[in-house]
Amino acid sequence: MDKTYNPQIYEDEIYQKWEKSGFFNPDNLPCGIRNATIQQGLLCEKNAPTYTIIFPPPNITAKLHIGHASVISIEDLMIRYHRMKGYRTLWLPGTDHAAIATQNVVEKKIFKEQGLTRHDLGKEKLLKEVWKFLKQTQATILHQTRKMGASLDWSREAFTFDDQRKKAVSQMFVDMYEAGVIYKGERIVNWCPRCHSTLADDEVEYKEQKAILYFFKYNKDFPFTIATTRPETKLGDTAVAVNLKDERYKKYIGKIYEIDFCGVSLKLKIIADREVDMNFGAGALGVTPAHSMIDWKMAEENDLEIKKVINEDGNIHQGFEKYSGKTAQEARKMIVKILKEQNLLEKEEEISNNLSICYRCGTVIEPLPSKQWFVAVDKKIKKLENKSLKEKAIEVVKKGEIKFIPERFEKRYLDWMENLHDWCISRQIWFGHEIPVWYKKTQKQKEIYVGVEAPEGDNWIQDPDTLDTWFSSGMWIFSTLGWPDTFQNGKKIGDLARFHPTQMLETCYEILTLWVSRMIMMSLFAVGEIPFEKVYLQGTILDKNGKKMSKSKGNGIDPIDIIEKFGADAVRLSMLMGSTPGNDSRMSEEKIAGYRNFVNKLWNISRYITHNVERITHNVKLNFEQNLSYKLTLADKWILNKFNVLIGDVTNDLEKYNFSQAGEKLREFTWNDFADWYLEVSKFEKNKEKNEILIYILENLLKLWHPFIPFITETIWSEMGNKQFLMIEKWPFYAKATESKPSYNFELIKEIIIAIRNARSENKIEPNKKIKAIICAGKYFDLVEENKELIKNLKTNINELETQKHKNTKTQKQKNQEFKSPLDKEPVPSLSREGLGDFKQENQLKHDNKMIRVVVDDDIEIYLIGAKDEEKEQMRINKRIIELEKLILNLEKKLSNKEFIKKAPANIVEKEKEKLKLCQVELKNLNPSSFGFSENNFKKMSK
RNA sequence: GGGCAAUUAGCUCAGUUGGUUAGAGCGUCUCGGUGACAUCGAGAAGGUCAAAGGUUCAAAUCCUUUAUUGCCCACCA
């Protein structure tokens, strides 16, 4: 074992061993839940309960980023914890083909490398390129995931676009079609002219920008003004909407105008609609049903004609005279020009508005009517007890079948679901799941065939569109468990029966609506039950400055880089610590380095123990009832007690998803209690039981740490000579009810030791200088007497220790006045540094030239004898004098300020005066000569 | 416009149903080559818990208002 832990030597090897062992696969696990109330531990059950997480499949668009590393850290923590608890634990890996995103990435790549567009290339060649690309990234992703130490069951690995999942998607489509949930209809969709595809509502992003609001009349005959930012779409207006309450326009409602608008004839009906804001623009809006969601709704309600103005390329559609074929921008210029010429344009106003853009490529979205496939979310479905997908998905959450962590996301989910519209699932891109729909070629009346397999015969042509990538991701939980093959005649079999519903979905809150909501709906439809019981939503990992990491900013951290630099354990720990569910957290190399240091500390703790302790061959089984037969020292009892409490706390925190807190408690115990105190004690306190205790605590500590930092714990575990993997060891259990008195007593000894160290440091006693101490211990006399060795040896550098009974019933003030030192010398009163503001009683130092007095509490006082070094003391005093002089100057200034005296509350002024007095007294104390008094004079004065 | 969150030490954050003296890590300062560890050890300094009011024996914690910041949703033709 090297002095410092080098992760690179061990990590890959350990991972290979784990993978080879087969224990990532729940089928191979020795299971059985340990019942905490039964001390004997294992309750073996053949059918142990399962614990399942389906890994959120990363997009194969790029290698993993730090966010994925965080997902892996949290999920592997939960998985390893439950595996050790004895659950039949499954963590199922996979990747997402991310249809539109992947195609975009590949298209961009090809354009950059070869200057070709997808149309130049053709569908077949493009798909070939896509596959080439995705094989590469997929391999990278899987490599990275292993590097993180993820204990995923690779034998069940899935891909949203592999054969099994293709089958599932087709089956789902067919089932939904047959249930009438999927339909084809013409509706306004978000159209990206660059991707040449529809987008779902939540795939649209908004960008604020300046736009010009044009106020104009259609022509001279039209009675009033309307306002628009997009004059070119006005060619498709079929109505003008006003607010019902608007007195200005009331009289026009219901009238129909046939007019000529810039060379195109329009038939406009004046309608009333509540949505119209009387105060915005002209208070009247031209209704363009084909290019606005709201207008589309109005058109449906008022039975208006729908005129498509802009086509799929973003150009003006046919049938609009000279405008046809022009781009929207060109048409806008033409129309504005004509309006100006005809004096119809009343004014132009600059406003800021939100432009909708494609979340993938940033192109401006064109809303336009198109015939697409939809999932009806409001349609009542027989097999869902005559409820709609939406209603059912809301119900299961409201009933508490699915719980969100943190809870506040439940509200966000419900708000989203309640406002959900039909989901457009067809996309006009090439890479993605094909729609299992065929049309008969020859017939004019299109015959349609919907089925998992292609229909027989040559005269069928398949729907050219592909499915929204979320359609296949929405099925991820059950498609990975073998649906539809594992779902026969309404009954779950195989993996689906064993693992569905899963226990946990863990993902970033950003895709709560995009993904989580869809999984719930689709699972309810396909399997008739919820897909998961809990949804843990984690925050975003931000950079050092709280900014989102992104490629363009170059502030991203590559998980592989930092794993190589600090080790996977340190990376995992920095993901887990200091982050709480649903909250964003910051990441920096400094933070990771800190945890690297901790990992190294753990390494050295075990190095010390394994080097100094002979391996005990018999199984170490310590518990508190058996303790009675051991001869345990105070420190032993203290650490065992603390460790027992720790087991309880950590288990509890993990159950409550307080991962950071659990880790913090572990760190605190490991470093501050175990290493800094108990190990130090063990260096001189040698009893038979010490070795057993050291091994017992180390081994169980490794178990507790294992879900957080699997590599180093497994490494140490095997270095200790254990044959079985730590990964499948049983989680330690908390033994109830222990005596807390030993703990308190040890804490008291600790306090004494700290007080002595503190006094040494404060008084600049040379570290090597051995001193004598007298402890007046009051009612703790016996305790102190028994633990003299601890006090002497724990970095107090005391060579001689005397314990005295010393009854202390009087107040500090009285003690100060009446105090007789054990050396029968009058101590010179002086103030400690703390003495300035308030008389801090604890640790108040009293000293004369030879002795330091330390007050620990009402019962314990310590005298350090022979502690002073004259020269050092003088330096310290000089420094203090300068400090005091500055303070006094400032205080005098403050007190001579009339404003302060007037305005400040009386008690504050008094306090400041008191402070000044104290300073002056202390200064005189330290340096009587500066006031022109001889020492003798000063002594008289101070009386 | 609607909603959600955050505001605690120089920085990053804990603080679980209200309860001793508000904690940790990093950073800063002082000291220390001691046989596990300098990726270390011993110690110190540093806080009006964003502001104001209220409830309570008791508030960082609960309520109200305000301010600042971040995010989400909707959206203006």
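In what follows, every chain begins at residue 1, and chains take the letters A, B, ... in the order their sequences are listed. All values derive from a computational prediction rather than experimental measurement.
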A.B. asks: Any ion pair linking E300(A) and K297(A) (charged N to carboxylate O, less than 4.0 Å)?
C.D. replies: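 No, no charged N to carboxylate O under 4.0 Å.
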
A.B. asks: Between L266(A) and K307(A), is a side-chain contact (heavy atoms from CB on, under 4.5 Å) present by the stated rule, with each step listed?
C.D. replies: CA-CA 10 Å; L266(A) 301 181; K307(A) 274 162 85 182; 3.8 Å; yes

A.B. asks: Taking the six-membered ring for Trp, are F566(A) and Y595(A) ring centroids under 6.0 Å apart?
C.D. replies: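 Ring-ring flag for F566(A)/Y595(A): false, centres at least 6.0 Å apart.
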
A.B. asks: Counting only side-chain nitrogens and oxygens, does R757(A) get under 4.0 Å of the OP1 or OP2 atom of G43(B)?
C.D. replies: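 Checking R757(A) against G43(B): at least one side-chain N or O falls below 4.0 Å of OP1 or OP2.
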
A.B. asks: Specify the separation, in whole Å, of atom CG of L864(A) and atom P of A42(B).
C.D. replies: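 Rounded to the whole Å, the gap is 18 Å.
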
A.B. asks: So which nucleotide from A14(B), A24(B), G3(B) ends up closest to the side chain of R667(A)?
C.D. replies: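 Between A14(B), A24(B), G3(B), the one nearest the side chain of R667(A) would be A24(B).
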
A.B. asks: Nearest to the side chain of S761(A) - G43(B), C37(B), A36(B)?
C.D. replies: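 Per side-chain heavy atoms of S761(A), the pick is G43(B).
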
A.B. asks: Rounded to the nearest Å, what distance is computed from the OH atom of residue Y509(A) to the C1' atom of nucleotide A5(B)?
C.D. replies: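 Y509(A) atom OH is separated from A5(B) atom C1' by 10 Å.
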
A.B. asks: Counting the atoms with a prime plus P, OP1 and OP2 as sugar-phosphate, which does E590(A) contact under 4.0 Å by heavy atoms, base, sugar-phosphate, or nothing?
C.D. replies: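 The residue E590(A) makes no contact with any strand.
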
A.B. asks: On a whole-Å scale, what distance lies between the P atoms belonging to U66(B) and C4(B)?
C.D. replies: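 Result for the P pair: 15 Å, nearest Å.
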
A.B. asks: Applying a 4.0 Å non-hydrogen cut-off, can you work out what I226(A) is touching in the nucleic acid: base, sugar-phosphate, or nothing?
C.D. replies: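 No contact.
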
A.B. asks: Check whether any side-chain N or O of N758(A) sits under 4.0 Å from OP1 or OP2 of A44(B), and answer yes or no.
C.D. replies: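 So the side-chain polar atoms of N758(A) do come within 4.0 Å of the phosphate oxygens OP1 or OP2 of A44(B), strictly under.
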
A.B. asks: From C-beta outward on T229(A), which listed nucleotide comes closest to its side chain: U39(B), A14(B), A77(B)?
C.D. replies: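 So the side chain of T229(A) is nearest to A77(B).
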
A.B. asks: For nucleotides U8(B) and G15(B), find the distance between their P atoms and express it as a whole number of Å.
C.D. replies: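 Those two atoms are separated by 14 Å.
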
A.B. asks: Given G3(B), U39(B), G41(B), identify the nucleotide with an atom nearest to the side chain of K601(A).
C.D. replies: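 Among the listed nucleotides, the one closest to the side chain of K601(A) is G41(B).
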
A.B. asks: Taking any heavy-atom pair under 4.0 Å as a contact, classify T580(A): base, sugar-phosphate, or nothing.
C.D. replies: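 Counting heavy atoms under 4.0 Å across all strands, the contact made by T580(A) is with sugar-phosphate only.
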
A.B. asks: Identify whether NZ of Lys or CZ of Arg in K642(A) sits under 6.0 Å from the centre of the six-membered ring of F674(A) and within 45° of that ring's axis.
C.D. replies: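 The answer is no; the distance or angle limit is not met.
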
A.B. asks: Classify I754(A) by what it touches in the nucleic acid, base, sugar-phosphate, or nothing, heavy-atom distance under 4.0 Å.
C.D. replies: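 Touches sugar-phosphate only.
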
A.B. asks: Side-chain N or O of N604(A) versus OP1/OP2 of C40(B): is the shortest distance under 4.0 Å?
C.D. replies: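 For C40(B), OP1/OP2 do not have a side-chain N/O of N604(A) under 4.0 Å.
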
A.B. asks: Tell me the interatomic distance from N797(A), atom CG, to G41(B), atom C1', rounded to whole angstroms.
C.D. replies: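 Rounded to whole Å, this separation is 14 Å.
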
A.B. asks: Does atom CD of E407(A) have more than 12 heavy-atom neighbours, drawn from other residues, nucleotides or ligands, at distances under 6.0 Å?
C.D. replies: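 Open: at most 12 neighbouring heavy atoms sit under 6.0 Å from CD of E407(A).
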
A.B. asks: How far does the C1' atom of A74(B) sit from the matching atom of U16(B), given to the nearest Å?
C.D. replies: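 That atom pair is separated by 35 Å.
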
A.B. asks: For A675(A), report the nucleic acid contact type (base, sugar-phosphate, nothing); a contact means any heavy atom under 4.0 Å.
C.D. replies: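 A675(A): base contact, heavy atoms under 4.0 Å.
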
A.B. asks: By the 4.0 Å heavy-atom rule, please label D653(A) as base, sugar-phosphate, or nothing.
C.D. replies: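 Answer is nothing: D653(A) stays at 4.0 Å or more from every strand.
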
A.B. asks: For RNA chain B, which ranges pair as stems of 3 or more consecutive Watson-Crick or G-U pairs, with both donor-acceptor distances under 3.5 Å?
C.D. replies: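 B:1-7 with B:67-73, B:10-13 with B:23-26, B:28-32 with B:40-44, B:50-54 with B:62-66 - these are the stems of 3 or more pairs that involve RNA chain B.
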
A.B. asks: Once you apply a heavy-atom cut-off of 4.0 Å, does R760(A) come out as touching a base, just sugar-phosphate, or nothing?
C.D. replies: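 It contacts nothing in the nucleic acid.
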
A.B. asks: Over how many whole Å does the gap from D676(A) atom CG to A42(B) atom C1' extend?
C.D. replies: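 Distance, rounded to whole Å: 10 Å.
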
A.B. asks: By nearest heavy atom, map T228(A) and N597(A) onto RNA chain B; which one lands nearer the 5' end?
C.D. replies: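 Result: N597(A).
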
A.B. asks: Using atom C1' in both nucleotides, what's the gap between U55(B) and U69(B) to the nearest angstrom?
C.D. replies: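 Looking at atom C1' only, U55(B) and U69(B) are 29 Å apart.
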
A.B. asks: Rounding to a whole Å, what distance do you find between F224(A):CZ and A77(B):C1'?
C.D. replies: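 Interatomic distance, CZ of F224(A) to C1' of A77(B): 14 Å.
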
A.B. asks: Between A22(B) and C13(B), how far is it from one C1' atom to the other, in whole Å?
C.D. replies: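 Each nucleotide's C1' atom is 14 Å from the other's.
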
A.B. asks: With a 3.5 Å cut-off and heavy atoms only, can you find an N or O donor on one side and an acceptor on the other between the side chain of R586(A) and the base of U12(B)?
C.D. replies: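 Side chain to base: no pair below 3.5 Å.
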
A.B. asks: Tell me whether N419(A) contacts the main-chain N or O of D415(A) through its side chain, where contact means a donor paired with an acceptor under 3.5 Å.
C.D. replies: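 The answer is yes, because a donor-acceptor pair under 3.5 Å joins these two groups.
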
A.B. asks: For the side chain of K683(A) and the base of A36(B), is some donor closer than 3.5 Å to an acceptor across the two?
C.D. replies: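 Looking at the base of A36(B), it does pair with a donor or acceptor on the side chain of K683(A) (distance under 3.5 Å).
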
A.B. asks: From CE of M417(A) over to P of C73(B), roughly how many Å is that when rounded to an integer?
C.D. replies: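 Roughly 15 Å, once rounded to whole Å.
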
A.B. asks: Taking atom C1' of A77(B) as reference, at what distance in whole Å does atom CZ of F216(A) sit?
C.D. replies: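 Interatomic distance, CZ of F216(A) to C1' of A77(B): 10 Å.
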
A.B. asks: Using the C1' atom as the point on both nucleotides, what is the distance between G47(B) and A9(B), in whole Å?
C.D. replies: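 Roughly 6 Å separates the two C1' atoms.
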
A.B. asks: With a 4.0 Å cut-off on heavy atoms, is E510(A) in touch with a base, just the backbone sugar-phosphate, or nothing at all?
C.D. replies: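 It contacts nothing in the nucleic acid.
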
A.B. asks: Which part of the nucleic acid, if any, lies within contact of R408(A), taking any heavy atom under 4.0 Å across all strands shown: a base, the sugar-phosphate backbone alone, or nothing?
C.D. replies: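 Here R408(A) touches the backbone only, sparing every base.
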
A.B. asks: Within the modelled atom types, does a donor on one side and an acceptor on the other bring the side chain of K3(A) and the base of C37(B) under 3.5 Å apart?
C.D. replies: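 Under the 3.5 Å cut-off, the side chain and the base do not form any donor-acceptor pair.
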
A.B. asks: Is it true that a side-chain atom of T796(A) and a backbone atom of I791(A) form a donor plus acceptor pair closer than 3.5 Å?
C.D. replies: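 Yes: the side chain of T796(A) pairs with the backbone of I791(A).
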
A.B. asks: Taking only Lys NZ, Arg NE, NH1 and NH2, and the carboxylate oxygens of Asp or Glu, determine whether K665(A) and E668(A) approach each other closer than 4.0 Å.
C.D. replies: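 Answer for the salt bridge query: no.
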
A.B. asks: Is the base of A36(B) touched by the side chain of E680(A) through a donor-acceptor pair closer than 3.5 angstrom?
C.D. replies: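 Under the 3.5 Å cut-off, the side chain and the base do form a donor-acceptor pair.
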
A.B. asks: Can you check the L794(A) CG to G43(B) C1' distance for me, whole Å?
C.D. replies: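 The answer, rounded to whole Å, is 16 Å.
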
A.B. asks: Would you indicate what K411(A) reaches in the nucleic acid, counting non-hydrogen atoms under 4.0 angstrom: base, sugar-phosphate, or nothing?
C.D. replies: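 Here K411(A) touches the backbone only, sparing every base.
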
A.B. asks: Could you check whether any side-chain N or O of N658(A) sits under 3.5 Å from a backbone N or O of D653(A), counting only pairs where one atom can act as donor and the other as acceptor?
C.D. replies: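 Not confirmed, N658(A) side chain does not pair with D653(A) backbone.
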
A.B. asks: Does a side-chain N or O of W671(A) approach OP1 or OP2 of G41(B) to a distance below 4.0 Å, or not?
C.D. replies: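 Yes, within the criterion.
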
A.B. asks: Measure from the side-chain heavy atoms of P767(A) and tell me the nearest of C31(B), A77(B), A14(B).
C.D. replies: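 So the nucleotide nearest the side chain must be C31(B).
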
A.B. asks: Answer yes if the ring centres of Y413(A) and W416(A) are under 6.0 angstrom apart, and no otherwise.
C.D. replies: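 No.
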
A.B. asks: What's K795(A) touching, base or sugar-phosphate or nothing? Going by heavy atoms closer than 4.0 Å.
C.D. replies: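 Sugar-phosphate: the residue K795(A), judged by heavy atoms under 4.0 Å, touches backbone atoms but no base.
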
A.B. asks: Between A60(B) and U7(B), how far is it from one P atom to the other, in whole Å?
C.D. replies: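 Going atom to atom, P in each nucleotide, I get 15 Å.
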
A.B. asks: Whether E590(A) and K544(A) form a salt bridge (side-chain N of Lys/Arg under 4.0 Å from carboxylate O of Asp/Glu) is what I want to check.
C.D. replies: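 Answer for the salt bridge query: yes.
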
A.B. asks: In whole angstrom, give me the gap between the P atoms of U65(B) and G25(B).
C.D. replies: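 To the nearest whole Å, 39 Å.
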
A.B. asks: Report the residue (N672(A) or Y5(A)) whose heavy-atom-nearest nucleotide on RNA chain B is the more 5′ of the two.
C.D. replies: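 Nearest-nucleotide comparison on RNA chain B picks N672(A).
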
